[in-house]
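If you're wondering where the values come from, they're calculated on a predicted model, not measured in any experiment.
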Amino acid sequence: QVQLVESGGGLVQAGGSLRLSCTASGRTFSYSTMGWFRQAPGKEREFVAATTWSAGNIYYADPVKGRFTISRDNTKNTVYLQMNSLKPEDTAVYYCAADKPYSSGSGSYYSRSRTYDYWGQGTQVTVSS
């Protein structure tokens, strides 16, 4: 059974940092593009970042560029999201997602939630002002 499990969320003051992790099990995701999305209360789920399976391409949403960094360790079947200079508007449930193996596409393709086949349960990030 394929599972994605996020961890690392919590409460942090504005300007602080958090590192989210997403560990996959059930099969290798070394050949899948991995993404992070978030959903704030009353809002739609939105794209945050994605890293292609070869890590050759990395995409970020404009609101997080320069503050968030996505990375992956294929030996651990894990993808990370380092979040720095956090703002109250970053408060949301953060979800990890995995695409099918060997997919290819543009940044806009990987920014769409329907691109992804597998999802984690989410981890809450709360940034206080």
Chemist: Same cluster for Val64 and Tyr59 if Ile/Leu/Val/Met/Phe/Trp/Tyr side chains link at under 4.5 Å?
Modeler: no
Chemist: Is a donor on one side and an acceptor on the other found under 3.5 Å between the side chain of Thr23 and the backbone of Thr78?
Modeler: no
Chemist: Taking the six-membered ring for Trp, are Phe37 and Tyr116 parallel (under 30°), tilted (30 to 60°) or perpendicular (over 60°)?
Modeler: perpendicular
Chemist: Can you measure from OG (Ser71) to CE (Met34) and round to the nearest 0.5 angstrom?
Modeler: 11.5 Å
Chemist: With the 4.5 Å side-chain cut-off for hydrophobic clustering, are Leu81 and Val12 part of the same group?
Modeler: yes
Chemist: Could you tell me whether Asp90 and Lys87 have a side-chain N and a carboxylate O separated by less than 4.0 Å?
Modeler: no
Chemist: State whether a side-chain donor-acceptor pair under 3.5 Å links Tyr110 with Ser103.
Modeler: yes
Chemist: To the nearest 0.5 Å, how far apart are OG1 in Thr52 and CG in Asn57?
Modeler: 4.5 Å
Chemist: Output, in order, the C-alpha distance, side-chain angles, deciding distance and verdict of side-chain contact (heavy atoms from CB on, under 4.5 Å) for Arg27 and Ser32.
Modeler: CA-CA 11 Å; Arg27 68 165 176 85; Ser32 295; 3.6 Å; yes
Chemist: Report the C-alpha distance between Trp36 and Tyr95 in whole Å, list the side-chain angles of each, state the deciding distance to 0.1 Å, and finish with yes or no for side-chain contact (heavy atoms from CB on, under 4.5 Å).
Modeler: CA-CA 6 Å; Trp36 285 97; Tyr95 297 90; 5.9 Å; no
Chemist: Please report the closest heavy-atom contact between Ser129 and Ala14, naming both atoms and the distance.
Modeler: CA-CB, 4.4 Å
Chemist: Under 3.5 Å, side chain of Thr51 to main-chain N/O of Ile70, donor-acceptor pair present?
Modeler: no
Chemist: Please test Thr91 against Glu89 for side chain to side chain donor-acceptor pair (under 3.5 Å), starting from the C-alpha separation and ending with a verdict.
Modeler: CA-CA 5 Å; Thr91 295; Glu89 51 264 44; over 6 Å; no
Chemist: If you compare all heavy atoms of Ser30 against all heavy atoms of Asn77, which two are closest, and at what distance to 0.1 Å?
Modeler: N-OD1, 4.0 Å
Chemist: Can you measure from SG (Cys22) to CZ (Phe29) and round to the nearest 0.5 angstrom?
Modeler: 8.5 Å
Chemist: Can you tell me if Lys76 has over 12 outside heavy atoms packed within less than 6.0 Å of its NZ?
Modeler: no
Chemist: What closest approach, in Å, do Ser85 and Ser17 show between heavy atoms, and which atom pair accounts for it?
Modeler: N-OG, 4.3 Å
Chemist: Is any side-chain heavy atom of Thr69 less than 4.5 Å from a side-chain heavy atom of Tyr60?
Modeler: yes
Chemist: Evaluate the criterion side-chain contact (heavy atoms from CB on, under 4.5 Å) for residue pair Val79 and Cys96; output intermediate values, then yes/no.
Modeler: CA-CA 8 Å; Val79 62; Cys96 171; 3.8 Å; yes
Chemist: Just verifying a value: how many Å separate Phe68 CZ and Asn84 CG, rounded to the nearest 0.5 Å?
Modeler: 8.5 Å
Chemist: Go through Val93 and Thr123 one step at a time and tell me if the side-chain contact (heavy atoms from CB on, under 4.5 Å) criterion holds.
Modeler: CA-CA 5 Å; Val93 177; Thr123 185; 6.0 Å; no
Chemist: Heavy atoms, side chains only, cut-off 4.5 Å: are Glu46 and Pro63 in contact?
Modeler: no
Chemist: Can you find a pair of side-chain heavy atoms, one from Arg72 and one from Tyr80, that are under 4.5 Å apart?
Modeler: no
Chemist: State, with a plain yes or no, whether a side-chain heavy atom of Arg45 is found less than 4.5 Å away from one of Arg38.
Modeler: no
Chemist: Under 4.5 Å between any side-chain heavy atoms of Phe47 and Arg112, yes or no?
Modeler: no
Chemist: Please report the shortest heavy-atom distance between Leu4 and Ala24, naming the atom on each side.
Modeler: CD2-CB, 3.4 Å
Chemist: Would you find a donor on one side and an acceptor on the other, under 3.5 Å apart, between the side chain of Glu6 and the backbone of Gly122?
Modeler: yes
Chemist: Verify, without hydrogens or angle tests, whether Thr115 (side chain) and Tyr109 (backbone) share a donor-acceptor contact under 3.5 angstrom.
Modeler: yes
Chemist: Where do Val125 and Met83 come nearest, in terms of heavy atoms and distance?
Modeler: CG2-CE, 3.8 Å
Chemist: Distance from Trp53 atom CH2 to Thr33 atom OG1, nearest 0.5 Å?
Modeler: 9.0 Å
